Amino acid sequence: STGSVVTTPQQYDVEYLTPVTIGTPGQNLEIDIDTGSSDFWVFSSETPKSQVNGQTCYNPKKSSTAKKLDGATWEIEYGDGSSSSGDVYLDKVKMGGLNFSSQAIEAATRVSDEFTEDTNNDGLMGLAFGLINQVRPQKQKTFFENLQPSLDKPLFTADLKSGAPGHFNFGYIDKNAYTGSITYTPVNSTQGFWMWTSPGYTIGASGKFKSSPIQGIADTGTTLLLLPSSVVTAYYKKVSGAGYDSSNSGYVFPCDATLPSFYVSVGDSARIKIPGQYMSYAPVDSQGQNCFGGMQSDDGIGFSIFGDVFLKAAFVVFDAGKERLGLAAK
Ligand SMILES: C[C@H](Cc1ccc(C(C)(C)C)cc1)[C@H](NN)c1nnnn1Cc1ccc2c(c1)OCO2
């Protein structure tokens, strides 16, 4: 089998939302596909009303195919400080024309304010490795892991776009979705992430390649590109008026500044070009005077995060069959 589902950016490409149908009759939710975590959790009829603010809630009691996974609970704390927790049901899930009959659905009984405030986001579907699923006493498989044996190829692809809908495809590679060739690089999944190492980077079209290995995760659930502070400092040195703004905890620059492109090397001889305009995330003030940088420091995380700012510049193959990541221009 194969599948394809559209994914739509929210304002400033802060996140991308994807339609999913759960239960019988189908309940339609919009979720954030997150290749940097492994739990599929949703706002539910069990989420306190005070924590629900416009989200669509999955109601297992209204699904004839829902079965409570007795004794199972979950709780997750994300790197940005947000969190959620709850209990677990098995139910039918449909996404992009693909079906799985008994997917673990983690129903939230509590969500942190960041989720309550994100009114269009009904939950997260983690597509990292099940090794880091947070359901106890027994870990649950991701939607992709459940489908993998039935897919034509054991892979999925992400084609996120700047300010326009893109696609997640499952089980096949769409040759029309990229230009040139796909460069594959090994993934180390021992920490449960799509973790890979870039050999280095180049700042600006006429910049010199810097050989400096960057180990990080391909993470559709993180908005920005989080890199070692040495790289971040070097980049913003090339942006006039840029500086670290402690009140916003990141590098900020005048919104009319000219931003150099940033090239991330892949394998021995390929690189992904991030256009300068992708390196500006959003205004930090109501006048739109200063803008928050799309590249920020990975300090304290333990690895870099190749988030949406990077991923939307590429066609990305998440190849579980061969534990590798494929990257191509588009
Ligand atoms: C943050 C997302 C997970 C998430 C997504 C969306 C949301 C909101 C809906 C409320 C907007 C919260 C959370 C990421 N996913 N792999 C993640 N989950 N766990 N670690 N990371 C990556 C990381 C780690 C550390 C960091 C960071 C990022 O940003 C700043 O510092």
Side-chain angles (χ1 to χ4, degrees), residues 7-18 20 29-43 47 51-57 74-86 106 108 110-134 142-144 158 160 168 187 189 191-196 214-229 232 244-246 248-251 281-282 292-312 316 318 325:
T7 189
T8 304
Q10 302 307 289
Q11 191 179 34
Y12 304 120
D13 298 350
V14 62
E15 62 187 2
Y16 290 74
L17 295 182
T18 302
V20 69
L29 279 70
E30 293 280 322
I31 48 100
D32 180 359
I33 292 183
D34 177 11
T35 59
S37 67
S38 302
D39 285 65
F40 178 19
W41 73 264
V42 290
F43 277 79
T47 313
Q51 296 173 16
V52 181
N53 174 23
Q55 290 84 4
T56 300
C57 295
W74 61 280
E75 66 173 311
I76 192 162
E77 165 99 28
Y78 294 103
D80 66 344
S82 59
S83 62
S84 52
S85 59
E106 301 173 34
R110 190 196 63 75
V111 302
S112 63
D113 293 350
E114 296 88 349
F115 288 106
T116 300
E117 285 146 22
D118 195 6
T119 55
N120 298 325
N121 185 349
D122 304 328
L124 259 63
M125 178 186 275
L127 294 188
F129 296 86
L131 172 71
I132 53 173
N133 176 268
Q134 298 299 299
T142 69
F143 181 68
F144 170 67
L160 304 183
F168 283 94
V187 155
S189 64
Q191 292 183 68
F193 297 115
W194 292 92
M195 184 171 276
W196 66 289
I214 299 174
Q215 184 185 51
I217 66 172
D219 184 358
T220 58
T222 291
T223 312
L224 305 182
L225 173 59
L226 306 179
L227 295 178
S229 43
V232 179
Y244 187 83
D245 174 353
S246 46
N248 282 292
S249 309
Y251 279 84
Y281 166 52
F292 196 71
M295 178 198 295
Q296 299 292 344
S297 164
D298 66 8
D299 275 355
I301 301 175
F303 44 80
S304 294
I305 302 194
F306 296 99
D308 299 337
V309 162
F310 167 77
L311 298 170
K312 67 188 179 186
V316 190
F318 293 81
L325 200 72

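None of these values were measured; they are calculated from a predicted model. Sequence positions, counted from 1, serve as the residue numbers for this chain. Whatever order the structure lists them in is the order used to number ligands and atoms, beginning at 1.
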Taking the six-membered ring for Trp, is the centroid-to-centroid distance between F144 and F318 below 6.0 Å?
no

Could you give the distance from CD1 (I132) to OG (S189), rounded to the nearest 0.5 Å?
10.0 Å

Just by modelled atom types, is the Y251 backbone N or O under 3.5 Å from a matching donor or acceptor in the Q296 side chain?
yes

As a test of reading the model: which N/O atoms of the protein lie under 3.5 Å from N/O atoms of ligand 1, and at what distance?
unit_1   : atom_1 : unit_2 : atom_2 : d
ligand 1 : 15 (N) : D34    : OD1    : 3.1
ligand 1 : 15 (N) : D34    : OD2    : 2.9
ligand 1 : 15 (N) : D219   : OD2    : 3.4
ligand 1 : 16 (N) : D34    : OD1    : 2.8
ligand 1 : 16 (N) : D34    : OD2    : 3.1
ligand 1 : 16 (N) : G36    : O      : 3.2
ligand 1 : 16 (N) : D219   : OD1    : 3.0
ligand 1 : 16 (N) : D219   : OD2    : 2.8
ligand 1 : 19 (N) : G79    : N      : 3.0
ligand 1 : 20 (N) : G79    : N      : 3.1

Can you find a heavy atom in the side chain of F168 that is under 4.5 Å from one in the side chain of L160?
yes

Distance only, no hydrogens: is a donor on one side chain within 3.5 Å (strictly under) of an acceptor on the other, for D39 and S37?
no

Would you say N133 and E106 are linked by a side-chain donor-acceptor pair, where the criterion is simply a distance under 3.5 Å?
yes

